[in-house]
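Values in this document were obtained by computation on a predicted structure and should not be read as measured data.
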Protein chains: 2
Amino acid sequence: MKTPRPTSFDVAERAGVSQSTVSRALRNSPGVNAETRARVAAAARELGYVVDRHASSLRLKSSETLALVTVCRPGEDRSAINPFYFALLGSIAAATSARGFNLLVSFQESAANFRADFVASGLADAMIVIGTTSNRAAWDYFAAAQATGLGFVCWGSPGDPFHWMRSDNGTGGGLAADHLVASGRRRIAFVGPQRSPQRQFDERREGFTAALAAHGIPPILVEPPAAADRHAQGVAAAHALLAAHPDVDAIFAASDMLALGVLQGLKEAGRRVPQDIALIGFDGIRAGNMADPALTTIEPDLDAAGEALVAMALEDDDFTHSGTRIPVRLAVRGTA
Amino acid sequence: MKTPRPTSFDVAERAGVSQSTVSRALRNSPGVNAETRARVAAAARELGYVVDRHASSLRLKSSETLALVTVCRPGEDRSAINPFYFALLGSIAAATSARGFNLLVSFQESAANFRADFVASGLADAMIVIGTTSNRAAWDYFAAAQATGLGFVCWGSPGDPFHWMRSDNGTGGGLAADHLVASGRRRIAFVGPQRSPQRQFDERREGFTAALAAHGIPPILVEPPAAADRHAQGVAAAHALLAAHPDVDAIFAASDMLALGVLQGLKEAGRRVPQDIALIGFDGIRAGNMADPALTTIEPDLDAAGEALVAMALEDDDFTHSGTRIPVRLAVRGTA
DNA sequence: CTGAAAGCGCTTACAG
DNA sequence: CTGAAAGCGCTTACAG
């Protein structure tokens, strides 16, 4: 596994040129004779030579690498991470790779593995932080890191001091409300955190209630009971809602995981979806599409989200795009 | 964003020692006076100094980084990647981080972004390749890369020349068969690729049919029709199976995504699950748990898989653990 | 226990 | 267009 790797000096010797010429030829610097360049390329190929990225990065003071931190729930199994974040990770990876950059990922959940030194150590040129906003300790840690001068970009809305980007939540909430009202629903509930530090849930609720108000409908607001994860919270919330408002005929859940839990709760209670109760989620996760019926949802443009996050992290030194909204659309499927 | 970072010389000056002493103190080298060490640590903290990983890696010839490549289906949206691979990615990340290593991830799908030079460039110390075995071009590329001397570890069974690790598929197939027979099923089908290069599907089928044979039951074998993804293949396979064998009373699908598609197809055809037809999948993806009814499945121990893959990639220079089987268990939920 | 110095493998200003 | 040389920021053998 450990044959000493060839260096640019080995390539130089084989090509019969100096080491500096090898470097120039391989970096496509201007002013290298075409024939020389070809000879160097051939020698490099024959030797299986690849530029040492550490030496190169050290010299250039840039690593062409982006660090992506995903904040997890403490104790959460890695395979249980909200699939929305995995999907966002995928779109960030695509945007990173399109720029020829590498992506360093890190899942963090507690003081035992909090780390924000990717940029400080030169490992990465910029950092993006995504993941659950429910992990207070993690966000306090990153707030402290930011206070020391480290700039990074967040998805969601963990708090005011951060540079962030998030879905156009208000518009999404409005789309959900309009769709439910247009399909004849009148006793409409919002299931989602009301007193959370997570601004995006407030925005979804506010956009939703504002649109309902325009139709003269006051929403039923349901705070999901505490539970192991969003799905379990949704199940419990459905039962609580039905107990307090048996005549509810539509529900907008603040996230798909919550909505999938609500769907299960409604079925357990013998309610038919969408005949008895219509249901709309938020996020567009794939599992929603495989639910029965398939979950109608507000779907952010994930490709746009990944692209915008990476662009802001890598190219927008002053974070002038902080606060940008990612467009959402209503994806009508089976539940509403 | 670009204040010049402090170096070990800056720390040395502040602590009133030489640069070499700073390096030793910070690396916890033996033979550094405790008081000196403390002074250096304090100076580093005050300056916000972090060791430059490129300089360090260049000197040490080791990057403490693992590269993880996920092979995708060409044209596939990043958010549509089989969630099993995201879950595996998560468990690999956990095992990597437990060793204090960094994880570099790369999603690859076509010649436009094939890359295997993470180790050759010094960026990573080892490489793991996971993802769909259906992308022939990708695996040909990695086979060629391996032929040039690059060693890496794969999940699944893309082909014989690779060092691999995979689920105990045969045992899993047997568990599925025994469970179906024990619950009284007799007209039992296997839905999964029969003529694929993907050994793990063969193994699941073989373990399944062998166990069925012990009960004197011949299986109905169904090759899923070509479709956009496994889920769509499952839907189509269910319809094809019902057309050919209307009296089928149990199905074992080669993967959860396939099973979820089968479940949808069965519902479309008006069959009740599990009353009319029992269904078992393979993989233990989270979406299966949220299906209605929740999908009974064969679940590999993902934590063990991540740990074993990372250990083999990082610590097993001769790949002596190639061929290791990850244990699986039957997770009985709603569909069987 | 500590310091001066070499060297890891590059990139590029400088000189020709 | 090409080469000799400096220097990126570390780690560690060598000397004291």
When you look at Val105(A) and Thr70(A), which way does the side-chain contact (heavy atoms from CB on, under 4.5 Å) test go after all the steps?
CA-CA 8 Å; Val105(A) 306; Thr70(A) 303; over 6 Å; no
Among pairs that include at least one residue of residues 16-32 of chain B, which meet salt bridge (charged side-chain N to carboxylate O under 4.0 Å, His left out), considering only residues two or more places apart or in two chains?
none
Secondary structure of DNA chain D in dot-bracket form (Watson-Crick or G-U wobble, distances below 3.5 Å, | marking inter-strand pairs)
|||.||||||||.|||
By nearest-nucleotide position on DNA chain C, the 5'-leaning member of Ala55(B) and Asn33(B) is Asn33(B)
Touch check for Ser23(B), heavy atoms < 4.0 angstrom, all strands: base, sugar-phosphate only, or nothing?
base
Base, sugar-phosphate, or nothing for Arg53(B), non-hydrogen atoms under 4.0 angstrom?
nothing
Between which nucleotides of DNA chain C, 5' to 3', does chain B make heavy-atom contacts below 4.0 Å?
dC1(C) to dG9(C)
Comparing nearest nucleotides in DNA chain D, the 5'-proximal residue of the pair Leu58(B), Pro30(A) is Pro30(A)
Is it the case that Asp125(A) and Ser63(A) place a side-chain donor and acceptor less than 3.5 Å from each other?
yes
Please state whether the rings of Phe86(B) and Phe86(A) are parallel, tilted or perpendicular, taking 30° and 60° as the class boundaries.
parallel
Kindly compute the distance separating CZ (Phe107(A)) from CG (Leu68(A)), expressed to the nearest 0.5 Å.
7.5 Å
Mind checking whether Trp155(B) and Tyr85(B) have ring centres under 6.0 Å apart?
no
Regarding Asp117(A) and Ser121(A), do their side chains bring together a donor and an acceptor under 3.5 Å, going by distance alone?
no
Heavy atoms only, 4.0 Å cut-off, all strands: where does Leu60(A) land among base, sugar-phosphate and nothing?
sugar-phosphate
For Ser57(A), answer base if it contacts any base atom (sugar-phosphate contacts may also be present), sugar-phosphate if it contacts only those atoms, and nothing otherwise; contact means non-hydrogen atoms under 4.0 Å.
nothing
Looking at every strand, decide which applies to Thr36(A) at a 4.0 Å heavy-atom threshold: base, sugar-phosphate, or nothing.
sugar-phosphate
Look up atom CZ in Arg45(A) and atom OG1 in Thr148(B), then write down how far apart they are to the nearest 0.5 Å.
13.5 Å
Within this structure, what is the CD-CG distance for the pair Glu315(A) and Asp317(A), rounded to the nearest 0.5 Å?
9.5 Å
Using a 4.0 Å heavy-atom cut-off, does Ser20(A) contact any base of the nucleic acid, only the sugar-phosphate backbone, or nothing at all?
base
